[in-house]
Asks: 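Have a look at this one.
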Amino acid sequence: MKSLIAGNWKMNGLMASLAEIERLGGLLKGGASAEVLICPPATLIAAMAPAARAIGAEVGGQDCHPKASGAHTGDIAAEMLKDAGASYVIVGHSERRADHGESSAVVKAKAEAARRAGLTPIVCVGETEAERRAGKQEAVVGEQLAGSLPDGAGPLVIAYEPVWAIGTGLTPTIEDIAAMHRFIRQKAGAGVRILYGGSVKPSNAAEILAVEDVNGALVGGASLKADDFYAIISAA
Ligand code: 13P
């Protein structure tokens with residue numbers, strides 16, 4: 001299975017940030033053994049898509065609405081992301097589950113909307129620090145998977161992102177990452193790529209990406225700078 005290295009720019013990036021794509025292209029020099037994806041803010045997708053394609057990378061959205069169109073001020077349909085040049089969309093990121101009260105049922109509807117539009121959903125799951133301390137991580141992630149994964153067959157990526165590891169510099173032990181990815185593999189089946197996310201950086205990427213059933217990374221902060229993102233891509 002080819003690794004997927006995905007950058008989630010979150011709410012960062014202006015038109016000037018497109019220069020990072022060119023810089024990344026210069027570093028990749030037309031070749032990467034991993035599939036490379038950048039999920040910029042929605043405002044940059046249309047402008048970034050041709051630039052990304054030119055360096056052999058893809059672009060994705062960070063969220064979508066379950067419906068294809070309608071009276072939903074401020075929301076963006078999966079069809080619109082596709083039209084702007086996206087091929088993936090992240091759904092159910094813990095920041096959206098927390099900031100916007102997204103339930104697993106909503107996340108599932110978004111994942112199904114992504115497939116309807118011809119996008120591959122990247123469904124995010126992960127436990128909080130308190131849940132891990134209580135030893136409930138598999139129960140929590142199992143419940144999120146049961147509620148959030150789209151029905152039926154189709155393209156799917158799952159990202160395991162422990163909430164306490166996001167933006168903190170903390171990561172689970174290699175054994176804990178391996179155990180959770182094994183658990184997700186049992187639920188998701190053989191063909192699904194399972195990404196690890198949460199404080200992935202150049203210094204820990206090789207070790208994490210070498211773990212069995214880790215099929216790539218979802219990278220936040222370290223994806224904003226071409227040099228760091230390139231180092232992570234190279235580790236894959
Ligand atoms: P960081 O890599 O900044 O910890 O963020 C991870 C993340 O949330 C990616 O979706």
Side-chain angles (χ1 to χ4, degrees), residues 1-8 33-39 42 45 49 52-53 56-70 72 75-94 96-97 102-127 137-161 177-197 209 211-218 236:
M1 199 182 292
K2 194 173 186 179
S3 296
L4 172 64
I5 305 298
N8 174 9
S33 57
E35 188 178 340
V36 178
L37 171 69
I38 298 154
C39 300
I45 290 174
R53 222 173 288 127
E58 295 167 275
V59 297
Q62 298 177 9
D63 175 51
C64 66
H65 193 277
K67 298 228 170 81
S69 63
H72 302 287
D75 277 311
I76 297 176
E79 283 77 359
M80 295 168 177
L81 298 173
K82 174 80 176 172
D83 186 52
S87 46
Y88 287 83
V89 61
I90 298 167
V91 294
H93 192 282
S94 61
R96 292 206 60 89
R97 289 182 189 257
E102 289 188 7
S103 65
S104 286
V106 167
V107 174
K108 175 178 179 169
K110 291 180 173 198
E112 290 179 346
R115 281 182 173 174
R116 179 191 66 217
L119 301 175
T120 298
I122 301 174
V123 178
C124 300
V125 295
E127 82 286 354
Q137 64 276 5
E138 288 193 355
V140 168
V141 168
E143 207 168 292
Q144 288 173 338
L145 290 171
S148 309
L149 295 185
D151 282 336
L156 176 65
V157 175
I158 295 171
Y160 169 56
E161 298 204 305
I177 293 174
M180 182 59 83
H181 279 247
R182 199 179 312 125
F183 173 76
I184 296 172
R185 173 69 65 212
Q186 283 162 8
K187 307 266 173 202
V192 175
R193 279 199 282 207
I194 307 170
L195 313 184
Y196 169 78
L209 289 166
V211 174
E212 199 177 346
D213 288 320
V214 172
N215 311 118
L218 183 53

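Every heavy atom of this structure was used, including side-chain atoms; hydrogens, water molecules and symmetry mates were not. For the single chain, residues carry numbers from 1 onward in sequence order.
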Asks: Identify the two heavy atoms, one from Cys64 and one from Ala77, that lie closest to each other, and give their separation to 0.1 Å.
Replies: CB-C, 4.3 Å
Asks: Is a donor from one side chain sitting under 3.5 angstrom from an acceptor on the other, for His93 and Gln62?
Replies: no
Asks: Is any side-chain heavy atom of Glu102 less than 4.5 Å from a side-chain heavy atom of Asp63?
Replies: yes
Asks: Where is the tightest heavy-atom contact between Thr120 and Pro155, given as atom of each residue plus distance?
Replies: OG1-CB, 3.4 Å
Asks: Among Val157, Val192, Leu149, whose side-chain contact (heavy atoms from CB on, under 4.5 Å) with Val123 holds?
Replies: Leu149
Asks: What do the steps show when you test Ile184 against Met180 for side-chain contact (heavy atoms from CB on, under 4.5 Å), and what is the final call?
Replies: CA-CA 6 Å; Ile184 296 172; Met180 182 59 83; 4.0 Å; yes
Asks: Can you see which heavy atom on Gly216 is nearest to which on Ser3, and at what distance?
Replies: CA-CB, 4.4 Å
Asks: What is the minimum heavy-atom distance between Ala78 and Ala114, and which atoms define it?
Replies: CB-CA, 3.9 Å
Asks: Which value, rounded to the nearest 0.5 Å, describes the distance between Ile45 atom CD1 and Cys39 atom SG?
Replies: 7.5 Å
Asks: From Leu119 CG over to Ser87 OG, what is the distance, rounded to the nearest 0.5 angstrom?
Replies: 7.5 Å
Asks: Between Leu37 and Ile122, is there a side-chain heavy-atom distance shorter than 4.5 Å?
Replies: yes
Asks: To the nearest 0.5 Å, what is the distance between CD (Glu138) and CZ (Arg182)?
Replies: 9.0 Å
Asks: Show, in sequence, the C-alpha distance, side-chain angles and deciding distance for Leu4 and Tyr88, and conclude whether the side-chain contact (heavy atoms from CB on, under 4.5 Å) test is met.
Replies: CA-CA 11 Å; Leu4 172 64; Tyr88 287 83; 4.0 Å; yes
Asks: Taking the inter-plane angle between the rings of Tyr160 and His181 on a 0 to 90° scale, is it parallel (under 30°), tilted (30 to 60°) or perpendicular (over 60°)?
Replies: perpendicular
Asks: Check Ala113 against Pro66 and note the closest heavy-atom contact, atom names and distance.
Replies: CB-O, 3.3 Å
Asks: Begin with the C-alpha distance, continue with both residues' side-chain angles, and end with the deciding distance and a verdict on side-chain contact (heavy atoms from CB on, under 4.5 Å) for Ile90 and Leu218.
Replies: CA-CA 10 Å; Ile90 298 167; Leu218 183 53; 4.1 Å; yes
Asks: I'd like to check the salt bridge (charged side-chain N to carboxylate O under 4.0 Å, His left out) partners of Arg97; sequence neighbours left out, ordered by chain and number.
Replies: none
Asks: On a heavy-atom basis, which atom in Leu195 and which in Asn215 lie closest, and how many Å separate them?
Replies: CD2-O, 3.8 Å
Asks: Can a salt bridge be assigned to the pair Glu35 and Lys2 using a cut-off of 4.0 Å between side-chain N and carboxylate O?
Replies: no
Asks: Drop me the distance from Ser94's OG to Gln144's CD, to the nearest 0.5 angstrom.
Replies: 9.0 Å
Asks: Any sub-3.5 Å donor-acceptor pair from Glu112's side-chain atoms to Asp151's backbone N or O?
Replies: yes
Asks: Kindly say whether Leu156 contributes a backbone atom to a donor-acceptor pair with the side chain of Arg115 at under 3.5 angstrom?
Replies: no
Asks: Taking C-beta and beyond as the side chain, do Arg116 and Glu79 meet within less than 4.5 Å on heavy atoms?
Replies: yes
Asks: Give a yes or no on whether a salt bridge exists between Glu212 and Arg185, defined as a side-chain N under 4.0 angstrom from a carboxylate O.
Replies: no
